[in-house]
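From a predicted model like this one, the values you see are computed outputs, not experimental measurements.
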Amino acid sequence: MADHHLKIETLAVHAGVEPDPLTGAVMTPIYQTSTYAQPSPGEHKGYEYSRTDNPTRTPLQKALAELEGAQHALVFSSGLSAIDAVLNTLQAGDHVVAGDDLYGGTYRLFTKVIARRGIEFSFVPAQDLESVRAAIRPNTRLVWLETPTNPMLSLVDIQAISEIAHSAGARVCVDNTFMSPVFQRPLELGADLVMHSMTKYLNGHSDVVMGCVMLNDSSWFAELKFLQNAVGAVPAPMDCFLVLRGLKTLAVRMQRHAENGARVAEWLAEHPWVERVIFPGLASHPQHELARRQMSGFGGMITFFLKGGLEESRRFLSAVQLFTLAESLGGVESLIEHPAIMTHASIPPAIRQEIGIHDNLIRISCGIEHIDDLLQDLKTAFAAVESVAVR
Ligand SMILES: *Cc1c(COP(=O)(O)O)cnc(C)c1O
């Protein structure tokens, strides 16, 4: 097996896990323990206290590193605490260049929490390479990217930005939550660190909040491992077990998410009540070429503008039945939401307008249900909007 690289479908099932040495249990046991007996002081089997390490967490970290093609992985109790750990490796006076269309919670963490530590941020439209180049300063240490962005699904050229950042001595971090390692490989494109909200596709079942980072640089990893233990935002053994289970179907889930995403996007694009659909897999996406080059699939996230305003959006979102009106994404069930009121409410209205998060913008996370049922539900919801409009 040494020189044969296992495919991601196989890694998703097998990476990181081995039958339990004690019992032969095929599935990793849930080591629901905070502490570990020592035969004599300081003598132990690698586990002393579960904030530091836990035998259900270790195989999960191994699996994640292998899936992303990284040397190291660390898990945290949420996506945001994973991001916080990365930013915690900076010092007061350091500068970060970040995309201007980030997950709302990431923007809030940067501007309301991490900025208080004396770290400066410049938010730029990172799909424009010149804006990234122009924002870099001598004290720029990190470039933080999301691609596709959320909710505008703009793409950021990871390879080109990595070259720009590296020539200025800055590291590149990519939030790969939307694509998962199945469809996008930031480390292979030159990024230094990948972060995921595992709450989304990696776990995939909307029953856990967790985050992770994957990277190759061993000294940066040691610093992050120190912070994982020193700050203590670690996930519970039960949650690690659930994510290990969720990972096994990651590749097949992503395939179905992407198939449904493409069908729903094409269907919406033809609908008379839809002003515009944003989906990287549509030829009409302004960066469709980059999408084809940078990703091996287009995922299940779709953003569209309804014809009308807040009233029509409310009516549409109240009429869906199969799609659950809820924040979050990446679960097996289809979700739908209104970014301006829900996920992106923490972004000031003026900035929302600038980015394009208008009141008629709706975001869909396509689940793995049958496509006919999904389209029927959307059809019924559009009919509800229309029936009021006609009256
Ligand atoms: C959800 C999400 C986060 C935050 O992760 P949590 O697990 O909710 O803390 C960060 N980035 C993206 C792209 C997300 O979708």
Could you tabulate the donor-acceptor pairs under 3.5 Å formed by side-chain atoms of residues 237-244, not counting sequence neighbours?
none

query: Within a radius of less than 6.0 Å around NZ of K62, do more than 12 heavy atoms belonging to other residues, nucleotides or ligands occur?
result: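 No.
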message: Surrounding CZ of R292 (heavy atoms of other residues, nucleotides or ligands, distance under 6.0 Å), is the total greater than 12?
response: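 Atom CZ in R292 is not crowded, with 12 or fewer foreign heavy atoms closer than 6.0 Å.
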query: Hey, mind stepping through R256 and E369 against salt bridge (charged side-chain N to carboxylate O under 4.0 Å, His left out) and telling me if it holds?
result: CA-CA 8 Å; R256 175 63 80 89; E369 302 94 334; over 6 Å; no
message: Between N229 and T52, is there a side-chain donor-acceptor contact under 3.5 Å, judged purely by atom types and distance?
response: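 Note: T52 and N229 side chains meet the donor-acceptor criterion.
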Please table the atom pairs, donor to acceptor, closer than 3.5 Å between any side-chain atom in residues 170-179 and protein atoms at least two apart or in another chain.
residue, atom, partner, partner atom, Å
R171, NH2, D217, OD2, 3.0
D175, OD1, T177, N, 3.1
D175, OD1, T177, OG1, 2.5
N176, OD1, Q184, NE2, 2.9
N176, ND2, E68, OE2, 3.3
N176, ND2, Q184, O, 3.0
T177, OG1, S197, N, 2.9

message: Which heavy atom of S180 sits nearest to which heavy atom of M254, and what is that distance?
response: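 That closest heavy-atom pairing would be OG-CG, 3.5 Å.
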message: Please find the pair of heavy atoms, one from R253 and one from Y201, that lie closest to each other, and give the distance.
response: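 It is NH1-O, 2.7 Å.
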Residues in side chain to side chain contact (heavy atoms under 4.5 Å, CB included) with [X], at least two apart?
X: D84; answer: N88, L109, I114, R117
X: Q71; answer: N216
X: D377; answer: V320, Q321, L322, F323
X: T23; answer: D20, A25

- prompt: Hey, mind stepping through V213 and H72 against side chain to side chain contact (heavy atoms under 4.5 Å, CB included) and telling me if it holds?
  reply: CA-CA 8 Å; V213 297; H72 312 286; over 6 Å; no
Cluster companions of [X] among Ile, Leu, Val, Met, Phe, Trp, Tyr (side-chain spacing under 4.5 Å):
X: I368; value: V332
X: V13; value: none
X: V231; value: F226, L227
X: V252; value: none

Which donor-acceptor pairs under 3.5 Å do side chains of residues 294-308 form with protein atoms, sequence neighbours excluded?
residue, atom, partner, partner atom, Å
Q294, OE1, I158, N, 2.9
Q294, NE2, V156, O, 2.8
S296, OG, V182, O, 3.1
T303, OG1, P151, O, 2.5
K307, NZ, P272, O, 2.9

message: For T106 and E146: C-alpha separation, side-chain torsions, deciding distance, then whether side chain to side chain contact (heavy atoms under 4.5 Å, CB included) applies.
response: CA-CA 10 Å; T106 304; E146 259 177 53; 4.2 Å; yes
task: Applying ring-ring contact (aromatic ring centres under 6.0 Å, His included), name anything that partners Y107, two or more places apart in sequence or on another chain.
output: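 F123.
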